[in-house]
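Single-structure report; data block below.
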Amino acid sequence: MSSAEITKLARAIGHEAGKKVHLSAAEMDSLDFNARMIQTGASNAPTLVISFIDPNSGEGRSGAWTGHLFALADSGANGYEATYVHAVKGNAKTVEFQRLMNHVDFNGDGADEIIVEAWKYASDNDLVVLGFKEGKWHEEMRAKQSWCLNAPKDK
C-alpha cells in the first residue's frame, strides 16, 4: 500500500473505533495522527498500527478534555479490520494513553508479540505485551516499568 492508502484506511478504521467512546470526527482530527504497517506474522499481511493522541498527553491539565485511540488492524476475509482498540475520552488526569514500543516473537510461535507503553498522568508507566489469538490482539501481560527482579539492597 502507498502511504496515502495507509493513511486513508487507518483514519477510516480509527474514526469508526472512536465512535464507540463518543469521539467525533472533529475531535479525532484535532489529535496527532500516525499510522504505519509492521510485519508481525499475525497474518500474511502486515499489521496496521493506528494512533490518534493528544499532543499534550500526560500533562494532566485539570478538568481538560482529552481523547486518545490506539488500534491495531489486520487483514482478514473482509479486508483490514480492527483487531485491538484502546479508545478513551475524558479528563486528562484520568485517561490511559498507549503507544507502540516494539514487536518481537517472544514465544517462538511465528507471530510477534507487541510491546506497548501505557501511562497516566502522575503515575508509573506500564509495559503491556499483546499476543495474537483467535483473530484478535489480547493483553497477555502488564508490568510496571519500575518493576525489577532484584530486591533493593539494604543500606
Side-chain angles (χ1 to χ4, degrees), residues 1-43 45-76 78-106 111-133 135-147:
M1 275 190 223
S2 70
S3 61
E5 291 170 319
I6 292 169
T7 296
K8 183 178 178 181
L9 177 62
R11 283 191 178 278
I13 291 169
H15 279 233
E16 189 61 34
K19 288 178 185 177
K20 292 181 173 82
V21 294
H22 308 290
L23 281 165
S24 70
E27 289 169 330
M28 296 285 290
D29 291 339
S30 74
L31 303 172
D32 285 350
F33 169 77
N34 184 280
R36 62 183 159 153
M37 296 285 203
I38 59 173
Q39 286 296 122
T40 62
S43 70
T47 295
L48 177 58
V49 180
I50 305 163
S51 177
F52 289 83
I53 191 165
D54 184 338
N56 300 308
S57 62
E59 289 184 8
R61 299 160 290 162
S62 182
W65 169 90
T66 192
H68 168 61
L69 180 127
F70 175 77
L72 303 171
D74 289 277
S75 182
N78 300 318
Y80 272 88
E81 296 179 325
T83 49
Y84 175 82
V85 176
H86 172 79
V88 293
K89 179 179 177 178
N91 183 304
K93 286 190 174 183
T94 62
V95 301
E96 179 182 89
F97 298 93
Q98 292 187 354
R99 69 175 156 219
L100 173 73
M101 290 189 68
N102 212 333
H103 58 101
V104 65
D105 185 2
F106 282 122
D112 288 358
E113 283 69 43
I114 294 182
I115 298 97
V116 172
E117 180 180 37
W119 73 97
K120 289 183 181 179
Y121 175 74
S123 174
D124 285 343
N125 295 2
D126 291 345
L127 285 175
V128 178
V129 177
L130 303 176
F132 195 78
K133 289 186 179 126
K136 299 279 185 192
W137 292 95
H138 302 276
E139 189 172 312
E140 293 193 348
M141 186 192 86
R142 181 181 282 252
K144 294 286 181 205
Q145 285 187 10
S146 58
W147 177 81

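All values derive from a computational prediction rather than experimental measurement.
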Quick one: closest heavy-atom pair of [X] and [Y], and the distance?
X    : Y    : result
L23  : G67  : CD2-CA, 4.1 Å
A118 : R142 : CB-NH1, 3.9 Å
N125 : E117 : ND2-OE2, 2.7 Å
A17  : V85  : CB-CG1, 3.9 Å
T66  : A92  : CG2-CA, 3.6 Å
K133 : H138 : O-NE2, 3.3 Å

Report the distance from atom [atom1] of [X] to atom [atom2] of [Y], rounding to the nearest 0.5 Å.
X    : Y    : atom1 : atom2 : value
L31  : L69  : CG    : CG    : 9.0 Å
K144 : D124 : NZ    : CG    : 5.5 Å
I6   : M1   : CD1   : CE    : 6.5 Å
F33  : M28  : CZ    : CE    : 9.0 Å
E139 : L130 : CD    : CG    : 6.5 Å
H86  : E96  : NE2   : CD    : 4.5 Å

Checking Q98 against Y84 for the side chain to side chain contact (heavy atoms under 4.5 Å, CB included) test, could you report, in this order, the C-alpha distance in whole Å, the side-chain angles of both residues, the deciding distance, and whether it holds? CA-CA 12 Å; Q98 292 187 354; Y84 175 82; 2.8 Å; yes
Under the side chain to side chain contact (heavy atoms under 4.5 Å, CB included) criterion, do K89 and E27 qualify, and how do the steps go? CA-CA 10 Å; K89 179 179 177 178; E27 289 169 330; 3.0 Å; yes
Any side-chain heavy-atom pair from L100 and I114 closer than 4.5 angstrom?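 L100 reaches I114 side chain to side chain.
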Contact check, side chains of Y80 and P46, non-hydrogen atoms, under 4.5 Å: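 Touching, per the 4.5 Å side-chain cut-off.
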Lys/Arg N to Asp/Glu carboxylate O, K120 vs D126, below 4.0 Å: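 Salt bridge absent between K120 and D126.
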Which residue pairs satisfy the side-chain hydrogen bond (donor to acceptor under 3.5 Å, both in side chains) criterion with at least one member in residues 34-43, sequence neighbours excluded?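 Matches after skipping sequence neighbours: T40-T47.
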Relative to the ring of H15, is the ring of F52 parallel (under 30°), tilted (30 to 60°) or perpendicular (over 60°)?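 Perpendicular, since the angle between the ring planes exceeds 60°.
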Looking at T83 and L72, would you say the former's side chain and the latter's main chain have a donor-acceptor pair under 3.5 Å?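 A pair under 3.5 Å: yes.
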Where the side chain of D112 meets the backbone of D105, is there a donor-acceptor pair that is under 3.5 Å apart?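 Yes, because the side chain of D112 sits within donor-acceptor range (under 3.5 Å) of the backbone of D105.
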Step by step, work out the side chain to side chain contact (heavy atoms under 4.5 Å, CB included) result for F70 and I53. CA-CA 8 Å; F70 175 77; I53 191 165; over 6 Å; no
